[in-house]
Amino acid sequence: SPAGNAKTSSDAAAEKKILMIGSGQSAGTLDPIKAYNGWYPVRYGFCQTLTKMNDDYSISGWLVEDGYSSNEDNTVWTFTIKDNVTFSNGNKMDAQAVKESLENVFENGERGVEYFTPDSIEADGQKLIITTKKPEPILPNKLADPLFCIIDTSVDNSKIADNGPIGTGPYVCESFDSATKKCVVVKNKNYWNGEVKTDRIEFIYSEDQSTISMGLQSGDFDAVYNVSMNDIGTFEKDSAYKIKTNPSGRTTIGFMNQNGQLGDKVLREAVLQMQDKDSYCRNLLKNQYVPGKTLITSASDYGYDTLTDPNAFNPDKAKKLLDEAGYKDTDGDGFRETPAGEPINLRFVYYTGRPEQQIVVEAAQAAMATVGIKITPQVHDTQTVMDMQKTGHYDLLCMSINIMNCGDPENQINTYFKAGGTYNATGYNNEEFNTLMDQVHITADPKQRKDLTRQAEQILLDDAAAIYFCYPIMNFVMKDSVEGINSTPADFYWVDENTIMNN
Amino acid sequence: MLEIQNITISFNKSSKPAVENFSLYVKPGEICCLVGESGSGKTSVIRAIQGNLPVQGTVIQGDIFFEGQSLLRYTANDWQKVRGTEISMIFQDSGAMMNPIRTIGSQFVEYIRAHGDYTRKEAWGKGVQMLERVRLHDGEHMMNSYPFQLSGGMKQRVGIAFAMVFQPKLLLADEPTSALDVTTQAQMIRQMMKLREECGTSIIMITHNLALAAYMSDHIVVMKKGEITDSGDRNHILHISQDDYTKKLLSAVPSLGGHYDV
Amino acid sequence: MTKKTIASRILQIIIVLFGIGFFTFGLTYLAPGDPVKAMYAANGSIPSEEVVEAVRKKMGLNDPFPVQYFNWLFNCLHGDFGTSYSLNKPVVTVLLQRLWPTLKLTLFSLILMLFVSVPFGVLSAVKHNKAADYLIRLFSFVGISVPSFWLGVMLIYIVALKLKLLPVISTGTGFKNVILPAVTLAFPMAAKYTRQVRAAVLEELHQDYVVGARTRGLKESTVIWWHVLPNALLPLVTLFGLSFGSLLGGTAVVEVIFSYPGLGNLAVSAVTARDYPLIQGYVLWVALIYMVINLFVDAAYEILDPRTKVR
Amino acid sequence: MEKGFIFYKNHKQFTAFFILAIVVIAAAVFAPLIATHNPYEAVITNVEQPPDGTHWFGTDKLGRDLFSRVIYGTRTSLASAMLLVTITLFVGSALGIFAGYFGGITDSVIMRISDMMISFPGLVLAIAVAGILGPSLMNAVIAIVAVSWTKYARLARSLVLRIKNKDYIAAAVLTGSKTGYILKKYIIKMTMPIMIVTAASDIGTMILEIAALSFLGFGAQPPVPEWGMMLNEGRAYLQTAPWMMFFPGLAVFIVVAVFNLLGDSLRDILDPGMLEKGAAAGGNYAGNTKYYDKL
Amino acid sequence: MFKPGDAIIEARHLTKLYQVSRSKCLTACDDISLNFYRNQTLGIVGESGCGKSTFVRMAVGLEKPTSGEILFYGKNRLELKGEELRLNRRNIQMIFQDPSEALHPRMKVKEIICEPLFNFNLIKKSQMESKARELLEMVELPGSFAERFPHEMSGGQRQRIGIARALSLEPEVIICDEITSALDVSAQKMIVELLLDLQNRKQISIGFISHDLALVQQFAHQVAVMYLGNVVELMNGKEVSTKARHPYTQALLDSIFDLHMDYSKEIVSIDSEIPSPFNVQEGCPFKERCIHCMTVCKTEKPKLMEIEPYHLAACHRYG
Ligand SMILES: Nc1ncnc2c1ncn2[C@@H]1O[C@H](COP(=O)(O)OP(=O)(O)OP(=O)(O)O)[C@@H](O)[C@H]1O
Ligand SMILES: Nc1ncnc2c1ncn2[C@@H]1O[C@H](COP(=O)(O)OP(=O)(O)OP(=O)(O)O)[C@@H](O)[C@H]1O
Ligand SMILES: [Mg+2]
Ligand SMILES: [Mg+2]
């Protein structure tokens, strides 16, 4: 009977558990070591890393047992590989396999050395010993990066970019279309950590944010990674959907170039005091961003609550500061000139890749116009902006930086603020700050590292070094029936063996 | 056969009609020529007989009878039946009257089959035969040619061949030779005269060549500004008529052996 | 077309391709920004000056312009258009992947366009200045004035989101995915062609051969379909070829809106990523396809129009 | 005055559209008087407000008044379209006239370049040029000029070729006119009206093209009020603030429609038949101009 | 009467070939030698496409001959260039076939007819009105026409404007290329009379081209008959109807419908078509259509030779 038929077909659908996930991000290759965004093997659930970053930015073992250790000066690290791990092709993963996988990163990839340079990697049964050339107090953090995910290098990996790696994750790649960037994954029958609940997941990519959220509304998708701030409201109101959010490790920063007119601290302070970050986040960014205060995101305990910002929002004070310092509109064009009488026109450079940038830059421009400081926004592509940041051809420059990309901010702080940092062209140079960061580098104790870092942050605040606009909140929106998908600070752990859509 | 009773053709209500009070009686087998200066309404008369006046133009008075039936009361359907069979037409440029991107043959066959119960092959044969009758010697080749591949004289003869197929009772011709050279014109006139002899077709022809009109026609109508100023047979027009306009026209025609007084 | 004209056309295509190649290569050569840095940036890393210098040397970027150009040309002639910075794949592979979806979209919208514009155009001309004519003209008028990127978004919103008739995302391979983008593309084109067909038919209706056909007592339908229409459509054939070409390029906007995985979408992201090898490859390819199509169309035109044949 | 009235009586359609076009241009010129707000003024506490009494078209993502931005957008769009059309018209006509009148090697060179340009789908090159030069309204204009001058050059050339063989040019040569005089008095005088009408009816298309480039992000940059860019910005807010998409879209439609209608009626006045084909010839591929050369 | 010394223009062995395509060559004029004499009219007749216009366009300097020379008072005019040529142009003027094509549609009559004078700085701006009136009077048009545009006039009137323009420079030679074929007979008569009157008054040399033999022989002092790019007969105008010898001229005469003809006579006509001007074969160009065709005609092209005083024909029968 027709009814019977209908039943069987819906049974079949129920039996074969399929999930459609939409995302505005994707990669053109599934090889973890080839592109900067080589984290898709982890996102799609093919691969896992030795360690894993927890929601509180702490690190714990994933493919290794938790009790890893290092020598005194942090140059020799010893890990114990979990015993029951197998690759999706059934091969057992032992220390030798891990060693080969890690060596592959350094031999065939270019990015490994940005993290650490191994002197030697030794495998002994399940024991893995990594010796590094320099002290690496946070090596376990670095190994949590998907770049170091473990793949089976004993198989032919010449087509890895399109066919996907053989990993230890709950899913294996069925098909990947590098034109549409659509990836279909199926259950890994040899999964080492229990039964995988979903048979098939399709990851569908569209670069257009609103298209993706419409896809979720129209039922094309069951879950969507990072619905934009404009559309999230629609789902918040609708009980058919649930939203998982997490504050990320990112900070949207406005760098101020002290080699120009912003060399005057008064002007920098005025700029800072004009930024109504609460209002930006509430009104313009729809509460999908946390108002910024310190360099490091509020989601970590690097002092967001304890540090004090001497230049918090205070337009009256800003005005007074400017007046007193002699910034006056002498030519009557509605904008102030410097005390020396030079006209001010601050170029605020930003790039389009992140939706909040244009908004905060334009908002800052509008806000500064009200105290008579002229700002001209200028948009460029990411590369040009990166070049500009390096060469210092800007007054203000907006950039979104994942300070906590390793669960620890040291690297990024040095790059952007320490004298001689690759991307420090702002002219910022504070001896006290530099000394503090040098100390961080040789400190292994996490608590001590944090303390030192907080002190450095406070110096940045006092020096009015940069604008910390906001910290984005990442989300995963899904149908109410979807389980086992979470939004995590690490941003790499989309699906796992427990992911399922219940009917 | 054809009787035009006092028709008036107007293109524009406010201005003077293009043709006023025009009457003409054409007997079977008679050739009648319309002559007169440019814009005198000759074409309008012919188009009225053909039921093919431009959209703005209407016969506002009078009537046209063909074989006793009023043409003005013909429906589109009636017209379709009579056109191309009982009333045919030759234009100044017959080539332009044919579809430029189809062969003569395909159009000939289409035309023949539109009015008679012929197979494609029969129609083709008939077409070839007609073309040879107008002394286009390689009929098959002509049928496979496109209009643009023929010379002016050939195209005009193809036009006559088309007009002859159904042995029409009335042939209308609007300056059929004015674009031709004298030698080709002579060929053409010979064909038309033959058509009258063989099928007894009546012909109404427009020409501005008075001598030609005089040679061909049984009846000449002289028009000026939409009105008939003079009409009669050759002898009347050439020798007897006292009409000023006729005289003026005659005096303007250059004549062999004549000389301007310099 | 004779063999000679075909040969000369092919030669012309080759010359034009060389010109375009020189033009795009020159432009990218002059463009601001360092391709090595761009390449690294696309991979998310910031190379040191030494690395940049080394890679520049390896890629021959320090050679004089003519040397670079001829190297590039040499590679192109061997089917090697370089490697896309942003996708890390040979340009040819990337383009081939995207070619078919775009061709499919283009063909589909052309067919759609023809099915709308020819009947409407003819109807409009035949019913000149009657209600049907005014209605069709209004439609075509709206069609040419409405921005396609606006139309596309509205179609997604209404048809896909509100009515849930078609998928929002066009990334799939099915037939359904191509409908909305094709309609968006075809709508303005259909409007344009309706006008063209109408104008052409109207003009042909005033031609002498129509009078001729009528005086031969042919049925009006015969006159319209067998005489007027072929003549009216003939000059549109060339125009049609041109549209095909501009569609290939013009799909960019629509592809972006519908996230359609075609060449246009690729070009837009290549430009944003300053992926010069990809931009160059794209431009050359589209120009080539375009010219080849036009060659075919012109050949078709010559076959269709006997007047172009020599006596 | 009298003359104007007679003109109106004879060309009612044209007059009507001309007045509409003037209204549009006036909106652009007097934007500061018409706009109710400063189009750049962001009121952060008042974002994405639906249309009401103070904000007739609502507000955008930064709380800027959409009505004022749309009105100022007329400026941006019209100014760039006019600039575009003017440059194309002059460059294209000059080269076309030159090629057509002098023929020979000049003609070959200009026409080969134009072949090269025309064997390009316009937007492709525009994207490439805009992409390489970097996104800005000016570069978008340059990019579109680079692809559209050929159409004008071809049209001008075909018109010149047609006129060049007319007896009145022969007569002018015979009666001792100098070449410069013939170019000025005959060639330019006879071709320019058609060229200008073509240009006028192209304004709409140009507005659409600029908007399309801006929509893709290769044209106007924020915070400049430009319709294509506003539409792109509005797309993300389609569900929460549909007016951000609706009003700029409507503005594009109306203005393009007005200029298309104006162009059409101008054509009708000048010569109904010839321009359709002329335009077609302008966009025609090199190898097949025979049919159109008759114009 | 036709003494070489009286010749203003001597066209010697003018040949014009058009390369129509790579393989095709069209012979528009084949070795034509004709002279224009002071106060004399040279009539040129022939069927459409026989090269009449091509010849005169070469004669006035609108077209470059493939070979041959054009002497103006014994000096080769083809050697003139630039400004020299421009200044020389005023001596030879031309009136064109289609009066509506030959006038700038957007210039007023006075501008059209005074333009040549301005080109040679013969008058000042202020004299334009009066000069225009004078010229209009000369062609028997009211002075009020000065303010009209070409489209506001009839064909005959426009042709008069063309004549006025050509005469404004007081040329020594004026060439009329089928100037009456777009007009009806009465207008044609008036135009021809006007031209003859002007010739009487100003002693100009006229070249008159037409396909109407009857018209040309009425007033031309000398008539040249052309066929397929060749002059086949050249004779005194008064003698055309009586003394024509060439079979083609005779065929033309036979085909003409004349008011004074014998109406009972059968029309004789050449049934074949004019051969194509492409890739001309050897022999007499008229061989296919000639009733007297002999074997020599098929192989050898007859030369234009004097068969009696002032009468030349190109036919083997008179060779
Ligand atoms: N479609 C039309 N609309 C308005 N007036 C017309 C139209 N056709 C002809 N006329 C006018 O009607 C009058 C007669 O025109 P018609 O064509 O019959 O003259 P004709 O004697 O055939 O002239 P010709 O010898 O030049 O062909 C003319 O004054 C003409 O202006
Ligand atoms: N520019 C040209 N290119 C190629 N062929 C030409 C050109 N001009 C004229 N011809 C050809 O040269 C031949 C003579 O032409 P011409 O115009 O001199 O003839 P005509 O005697 O004046 O004819 P008509 O009486 O029709 O004016 C014709 O076959 C014509 O097709
Ligand atoms: Mg007529
Ligand atoms: Mg001629």
Side-chain angles (χ1 to χ4, degrees), chain A residues 24 208-214 216-218 227-238 274-286 313 334 348-353 355-370 374-381 383-384, chain D residues 32 37-50 58-65 68-69 127 130-140 213-226 228-246:
Chain A
D208 187 55
Q209 289 291 331
S210 53
T211 308
I212 296 174
S213 19
M214 285 193 281
L216 183 56
Q217 273 173 283
S218 70
V227 169
S228 81
M229 60 201 174
N230 303 311
D231 297 318
I232 193 116
T234 325
F235 300 103
E236 277 168 352
K237 281 179 233 139
D238 196 333
M274 286 309 295
Q275 304 309 318
D276 188 357
K277 298 166 194 166
D278 288 334
S279 179
Y280 294 172
C281 291
R282 193 172 52 247
N283 295 311
L284 305 181
L285 303 175
K286 317 278 172 59
F313 177 57
F348 203 153
V349 178
Y350 70 100
Y351 54 91
T352 43
E356 78 276 9
Q357 286 205 2
Q358 190 194 344
I359 290 179
V360 295
V361 168
E362 287 182 31
Q365 176 212 22
M368 294 313 290
T370 61
K374 186 171 182 179
I375 287 183
T376 307
Q378 255 186 21
V379 66
H380 291 288
D381 60 311
Q383 169 59 26
T384 312
Chain D
H37 295 71
N38 176 351
Y40 294 98
E41 188 190 55
V43 183
I44 295 178
T45 48
N46 201 24
V47 298
E48 292 167 46
Q49 290 300 307
T59 63
D60 73 357
K61 59 174 186 182
L62 282 180
R64 295 175 294 205
D65 179 56
S68 308
R69 285 182 70 75
I127 287 175
I132 290 164
L133 296 180
S136 85
L137 196 55
M138 198 57 217
N139 287 347
L213 275 183
S214 297
F215 183 82
L216 290 177
F218 303 142
Q221 297 299 316
V224 174
E226 201 278 343
M229 200 199 70
M230 287 159 80
L231 281 172
N232 193 15
E233 282 179 4
R235 195 151 64 103
Y237 298 80
L238 181 59
Q239 296 198 57
T240 47
W243 53 92
M244 280 174 66
M245 193 85 216
F246 180 76

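Below, chain A is the first sequence line, B the second, and so on; all start at residue 1.
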Exercise: identify the closest heavy-atom pair between A:I375 and A:P377 | O-CD, 3.7 Å
Close side-chain approach of D:M230 and D:M244, heavy atoms under 4.5 Å | no
Minimum heavy-atom separation for A:M274 to A:F313, with atom names?
-> O-CE1, 3.6 Å
Segment of A:S228 engaging chain D (4.5 angstrom heavy-atom cut-off) = neither
Short N-O contact, A:D278 and A:R282, less than 4.0 angstrom = no
Who in residues 38-48 of chain D is close to chain A, using a strict under-4.5 Å heavy-atom cut-off?
-> D:A42, D:I44, D:T45, D:V47, D:E48
Minimum heavy-atom distance D:N232-D:F215, with the two atoms named = ND2-O, 2.8 Å
Validation row: D:K61, A:L284 side chains within 4.5 angstrom (heavy atoms) | no
